[in-house]
Amino acid sequence: MKILRSAVAQSPAIVISVLALILSAGGGAAAYAATSASRAPAITWHRLTLLHGWKSSQSQYDSGNPEYSVSNGVVYLAGSLHQASGTSQEFAILPRAARPTDDLWITVYTVSGTSGTLYIGANGDMAATSLTAADAQDYTSLATVSYPASS
């Protein structure tokens, strides 16, 4: 307050300019935060039910459990998984609301920095593959995957 009083005494024009700037920006950061928070949609995550010996890699890599969310017509995937037993590349089936209109093949990160392919079928089938089958089975990341949901 002492600095503000000193500034007012020396140059009221500066104080008026600063106040005008704050008010023209919508009343400051608090007002902006209040309005932007009211527009942000809530995102609810749902765990994928894993099939055919596939398991979450959360305990080994702290990378999150395999999950999906649908927000504003976009499906988001998160987490990672590995196949502890079995040989099927299919690891889950998405519910109708999270399915794409067409089949998708998306490049994803697998073990040791290699890339693999995430298949997401229009029927909800999800599968992980790689050039070396063991790479996808050892570790497949779903992080950063998103696509439009079917309408």
Taking all heavy atoms of [X] and all of [Y], pick out the closest pair and write down the distance.
{"X": "L51", "Y": "A92", "answer": "CD1-CA, 4.0 Å"}
{"X": "S56", "Y": "N65", "answer": "OG-OD1, 2.6 Å"}
{"X": "A143", "Y": "S141", "answer": "N-OG, 3.1 Å"}
{"X": "S150", "Y": "P100", "answer": "CB-C, 4.0 Å"}
{"X": "H82", "Y": "S57", "answer": "ND1-OG, 2.8 Å"}
{"X": "A122", "Y": "R99", "answer": "O-CD, 3.5 Å"}

Sidechain-backbone polar pair: Q83 side chain, S88 backbone, donor-acceptor under 3.5 Å: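 Indeed, once roles are kept as given, a pair shorter than 3.5 Å links the two residues.
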Hey, is the main chain of T132 close enough, under 3.5 Å, to the side chain of S130 for a donor-acceptor pair?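 Answer holds: yes.
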Is there a path of hydrophobic side-chain contacts, each under 4.5 Å between heavy atoms, that joins [X] and [Y]?
{"X": "Y76", "Y": "L118", "answer": "no"}
{"X": "V75", "Y": "I93", "answer": "no"}
{"X": "F91", "Y": "I106", "answer": "yes"}
{"X": "Y109", "Y": "Y61", "answer": "yes"}
{"X": "L142", "Y": "W54", "answer": "yes"}

Trace of the side chain to side chain contact (heavy atoms under 4.5 Å, CB included) decision for K55 with L81: CA-CA 5 Å; K55 305 287 182 194; L81 61 157; over 6 Å; no
Atom pair [atom1] ([X]) and [atom2] ([Y]), whose distance is rounded to the nearest 0.5 Å:
{"X": "T110", "Y": "Q137", "atom1": "OG1", "atom2": "CD", "answer": "11.0 Å"}
{"X": "S69", "Y": "L77", "atom1": "OG", "atom2": "CG", "answer": "9.5 Å"}
{"X": "R47", "Y": "E67", "atom1": "CZ", "atom2": "CD", "answer": "6.5 Å"}
{"X": "I120", "Y": "L104", "atom1": "CD1", "atom2": "CG", "answer": "5.5 Å"}

Sequence-distant partners of Q58, side-chain hydrogen bond (donor to acceptor under 3.5 Å, both in side chains), two or more places apart: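 Testing Q58 for side-chain hydrogen bond (donor to acceptor under 3.5 Å, both in side chains), a comparison that skips the adjacent residues, returns D62.
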For S63, side-chain hydrogen bond (donor to acceptor under 3.5 Å, both in side chains) partners two or more places apart: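 Only S80 meet the side-chain hydrogen bond (donor to acceptor under 3.5 Å, both in side chains) criterion with S63.
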Is there any side-chain hydrogen bond (donor to acceptor under 3.5 Å, both in side chains) pair reaching into residues 118-129, and which pairs are they, with sequence neighbours excluded?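 Of all non-adjacent pairs touching residues 118-129, those that pass side-chain hydrogen bond (donor to acceptor under 3.5 Å, both in side chains) are D103-Y119, N123-D125.
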Can you tell me if L131 has over 12 outside heavy atoms packed within less than 6.0 Å of its CG?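 No, because the 6.0 Å sphere around CG of L131 holds 12 heavy atoms or fewer from other groups.
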Could you go through the side chain to side chain contact (heavy atoms under 4.5 Å, CB included) check for V111 and T140 one step at a time? CA-CA 7 Å; V111 75; T140 296; over 6 Å; no
Hey, mind stepping through T117 and W105 against side chain to side chain contact (heavy atoms under 4.5 Å, CB included) and telling me if it holds? CA-CA 6 Å; T117 301; W105 289 266; 3.9 Å; yes
Please check if the distance between the ring centroids of Y68 and H46 is under 6.0 Å.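 Ring centroids of Y68 and H46 are less than 6.0 Å from each other.
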